[in-house]
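These numbers were taken from a predicted model, which means no experiment stands behind them. Worth knowing before you read on, the calculation uses all heavy atoms, side chains too, and leaves out hydrogens, waters and symmetry mates. One-based numbering along the sequence shown.
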Amino acid sequence: MTNQGGYPPRVPPRGPRQHQPAQMMPLPGREGGYRQPPPRRPGPPPTRAMPSRGDVPPPPPPVARRPRRRFGPGKVLLTLLSVFVLFLAGVWVYLEFSINRIAALEDYEGRPAAGAGTNWLIVGSDSREGLTAEDEQRLVTGDVAAAGGGQRTDTMMIAHLPDNDTKPTLVSLPRDSQVAIPGHGTSKINAAFSIGGAPLLVKTVEQATGLRIDHYAEIGFGGFATIVDAIGGVPMCVDKEMHDTVTGITIPAGCGDLDGAQALGFVRMRHSDATPRSDLDRVENQRKFIGALVSEISSPGTLLNPFDVFPLLSAAPDALTIDEGDHLHNLVGLAWAMRGISSDGVLSTTVPVTSASAEHWDKTKSKQLFDALRNDTVVPESAIMN
């Protein structure tokens, strides 16, 4: 394209480019009009829509930390108590199945009917079973042949445990008492044990007293001494020196602990100036010693001392013999009732006799005694003899 004169049109020189306003686009709905959008104002950040529970499963719960096990005083005490209970249960089972048993109680025609309360026949026999020659010499048991052979009973007692609030009663039966022995005429009561053992002795006692015997316990020479030694001796006060002219045993006067050999000599002694009534003094000493023995065994000083408890638990099964129908809880009940002998909580007496020889029972007074036991009534003062 040319201008007049045939020259091309003059092009103005290029200069700095001037800024041209931006062309504004027309807003929809507005024809021919333009409007600048308002500046953006800052606002809250956009929120994200949370998915519904049906869309995304909830996150797993946080894993709980296992607490540390801490053995506080309560747990330690509970553990020790559990161990102690298990120990007692084990000891109970051991004793229940370890104690010797015999068939001492038998039913027969004419047997006395059961009365009130519970009756034990407690027997101390002169059995030397299990003793060595050294033991027999140490315990001064004497010669079996010289004693007439067989087994005899140095101690016979009826322990009556009432069903009411009357006192328990411990009655000694003198060994020389003349009674009818079923099938064997009249003889000393201890001969029944030599002739027919425990069953015949129980039957003889039942027929002579009219009392039904419910439980039976027996202990021999060796077992008696072993139990005393197991608990470290039994405290006893002796008013006057006791010297047996037959066995040669001497027990000095005063208070102290009797060991097994001394204790056996104490409960058997009757040939001494300290026992002028012979068998009557002996049975009184026997009841006195049993009271001290039971009190010592049941004392906290013995039960909480392992050096006494464990030897006692070891000695008891071999030392005792009970009826095949008896159990350990029966023995515990007997011991618990007899613990009051030393504190006048138990009535202690001998069957009333007519003379110091103790061969014949006083029929009237002995009947009063046995009737009171049968009916759980108070024993009359006239029927008590020490």
Side-chain angles (χ1 to χ4, degrees), residues 81-106 118-132 134-136 138-139 141 151 153-157 159 161 193 197-199 201-202 213-234 259-261 263-264 267 286 289-290 292-339:
L81 181 61
S82 300
V83 172
F84 181 68
V85 171
L86 290 175
F87 169 75
L88 289 181
V91 170
W92 189 278
V93 172
Y94 163 74
L95 292 176
E96 177 68 31
F97 291 97
S98 299
I99 297 178
N100 300 315
R101 286 179 167 83
I102 59 173
L105 307 181
E106 298 178 349
T118 302
N119 297 314
W120 278 83
L121 179 60
I122 304 172
V123 174
S125 74
D126 63 1
S127 172
R128 297 157 176 81
E129 184 177 355
L131 296 180
T132 64
E134 291 77 10
D135 291 333
E136 292 183 3
R138 177 176 64 88
L139 299 177
T141 60
Q151 292 186 18
T153 51
D154 277 355
T155 305
M156 285 165 288
M157 299 180 184
L161 314 184
F193 188 79
L201 177 62
V202 170
I213 300 300
D214 304 294
H215 304 283
Y216 176 86
E218 176 189 327
I219 186 169
F221 280 171
F224 178 83
T226 301
I227 287 181
V228 173
D229 287 334
I231 60 176
V234 174
D259 61 20
L264 186 60
V267 299
Q286 289 172 352
F289 186 85
I290 287 179
L293 176 62
V294 173
S295 297
E296 185 68 14
I297 291 177
S298 60
S299 68
T302 298
L303 297 178
L304 299 179
N305 185 353
F307 296 101
D308 287 340
V309 170
F310 287 107
L312 178 62
L313 295 178
S314 176
D318 292 332
L320 292 172
T321 299
I322 59 178
D323 180 66
E324 59 184 6
D326 291 333
H327 299 281
L328 183 59
H329 67 269
N330 301 125
L331 279 173
V332 173
L334 172 65
W336 182 258
M338 291 294 106
R339 75 192 188 284

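Counting only distance, with no hydrogens or angles, the side chain of Gln286 and the backbone of Met157 share no donor-acceptor pair below 3.5 Å. In this structure, the side chain of Asp214 engages the main chain of Asn119 through a donor-acceptor pair within 3.5 Å. A distance-only check finds no donor-acceptor pair linking the side chain of Glu324 to the backbone of Ile102 [under 3.5 Å].
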Only pairs under 3.5 Å count here: list side-chain donor-acceptor contacts from residues 303-320, not counting sequence neighbours, and write none if there are none.
{"residue": "Asn305", "atom": "OD1", "partner": "Phe307", "partner atom": "N", "Å": "3.0"}
{"residue": "Asn305", "atom": "ND2", "partner": "Asp308", "partner atom": "OD2", "Å": "3.4"}

Is there a side chain to side chain contact (heavy atoms under 4.5 Å, CB included) between Val267 and Asp154? Walk through the geometry before answering. CA-CA 9 Å; Val267 299; Asp154 277 355; over 6 Å; no

Would Glu218 and Arg101 count as a salt bridge (Lys or Arg N to Asp or Glu O under 4.0 Å) here? Give the steps. CA-CA 10 Å; Glu218 176 189 327; Arg101 286 179 167 83; over 6 Å; no

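Listed here is the closest heavy atom pair of Gly260 and Asp229: N-OD1, 2.7 Å. Between Asp326 and Tyr216 the shortest heavy-atom distance is OD2-N, 3.2 Å. The two atoms that bring Leu161 and Ala337 nearest to each other are CD2-CB, 3.5 Å, heavy atoms only. In terms of heavy-atom proximity, Ser295 sits nearest to Arg339 at OG-O, 3.5 Å. Considering all non-hydrogen atoms of both residues, Leu121 and Val202 come closest at CD2-CG2, 3.9 Å. Nearest heavy-atom pair, Trp120 versus Asn330, reported as atom, atom and distance to 0.1 Å: CZ2-O, 3.4 Å.
Every side chain to side chain donor-acceptor pair (under 3.5 Å) that Thr302 has, sequence neighbours left out, goes to Ser299. For Asp323, there are no side chain to side chain donor-acceptor pair (under 3.5 Å) partners at least two apart in sequence or on another chain.
Thr155 is not listed as a side-chain neighbour of Phe289, based on a closest heavy-atom distance of 4.5 Å or more. Inter-residue side-chain proximity for Val294 and Trp336 is flagged as unmet; no heavy-atom pair is nearer than 4.5 Å. Put simply, the side chain of Leu331 reaches to within 4.5 Å of the side chain of Ile322, judged on heavy atoms. Using a 4.5 Å cut-off on side-chain heavy atoms (C-beta onward), His215 and Thr118 make contact. Side-chain contact between Ile227 and Ile219 is present, with at least one heavy-atom pair separated by less than 4.5 Å. At a threshold of 4.5 Å between non-hydrogen side-chain atoms, the residues Leu105 and Ile213 count as touching.
For the atom pair NE2 (His327) and CH2 (Trp92), the distance works out to 11.0 Å, reported to the nearest 0.5 Å.
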